[in-house]
Amino acid sequence: MYIIRAKNKFIILDVHVDDLPLLVNSPTYLQIVEKELQQAFPITDRGPMNYFLGMNLQRDRAKWTISLSQTQYIQSVYLNVLTCYVASK
């Protein structure tokens, strides 16, 4: 994870394998950083992030909130445990 601060602007880059989510407080700053990254690496903008590292992300811009959920992960773990339990009988 990299954190960059410049005056009243900031960006957080969270590098994970082939994902690079960017968190910024300025759309203009986001465009500048994306342009710099595109000059150095082949990148694709996948739009707003909905899922990352086993977590569902839901953003409510009107309320200024971000909700995290691991429902999908919990269901997959439960299914694996259930499958192992049934297979052991």
Side-chain angles (χ1 to χ4, degrees):
M1 179 180 292
Y2 299 94
I3 300 172
I4 303 166
R5 293 182 190 173
K7 296 185 182 179
N8 61 346
K9 298 175 186 162
F10 75 87
I11 184 164
I12 299 173
L13 288 83
D14 185 17
V15 181
H16 179 74
V17 187
D18 63 346
D19 287 328
L20 182 73
L22 304 173
L23 296 98
V24 299
N25 67 342
S26 165
T28 305
Y29 198 41
L30 174 63
Q31 291 174 350
I32 292 168
V33 172
E34 282 181 335
K35 186 176 179 180
E36 292 287 327
L37 287 171
Q38 286 173 345
Q39 290 175 357
F41 308 101
I43 65 169
T44 303
D45 184 354
R46 297 183 190 169
M49 188 168 42
N50 298 322
Y51 188 81
F52 186 65
L53 295 177
M55 293 181 287
N56 293 319
L57 293 91
Q58 194 169 31
R59 183 174 180 179
D60 186 336
R61 289 181 180 263
K63 294 181 182 177
W64 284 70
T65 61
I66 298 175
S67 300
L68 303 175
S69 166
Q70 288 189 295
T71 304
Q72 188 174 1
Y73 174 73
I74 292 167
Q75 288 173 344
S76 71
V77 169
Y78 175 73
L79 182 61
N80 286 337
V81 170
L82 184 61
T83 303
C84 291
Y85 177 74
V86 171
S88 68
K89 289 200 169 222

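All figures in this text were calculated on a predicted structure; none of them were measured in a lab. Here, residue 1 is the first one in the sequence, and each next residue gets the next number.
The cluster map of Ile, Leu, Val, Met, Phe, Trp and Tyr, joined by side-chain heavy atoms under 4.5 Å apart, puts L79 and I74 in different clusters.
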In residues 20-28, what donor-acceptor pairs under 3.5 Å come from side-chain atoms, sequence neighbours left out?
unit_1	atom_1	unit_2	atom_2	d
N25	OD1	F10	N	3.1
N25	ND2	N8	O	3.0
S26	OG	T28	N	3.4
S26	OG	Y29	N	3.2

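The stretch residues 59-71 participates, sequence neighbours left out, in these side chain to side chain donor-acceptor pair (under 3.5 Å) pairs: S69-T71. Counting only residues at least two apart or on different chains, the salt bridge (Lys or Arg N to Asp or Glu O under 4.0 Å) pairs with a member in residues 38-52 are D19-R46.
The shortest distance between side-chain heavy atoms of M1 and I12 falls below 4.5 Å. Within the 4.5 Å cutoff, no side-chain heavy atoms of Q58 are placed close to those of I66. Here the side chains of I4 and L13 are in contact, with some heavy-atom distance below 4.5 Å. The side-chain heavy atoms of L57 and N50, taken from C-beta on, include no pair separated by under 4.5 Å.
Residue E36 holds its CD atom at 13.0 Å from CD of Q31, rounded to the nearest 0.5 Å. Rounding to the nearest 0.5 Å gives a distance of 9.5 Å between CD of Q38 and NZ of K35.
E34 and I43 get closest at one heavy-atom pair: O-CD1, 4.0 Å.
More than 12 heavy atoms of other shown residues, nucleotides or ligands fall within 6.0 angstrom of atom OH in Y51.
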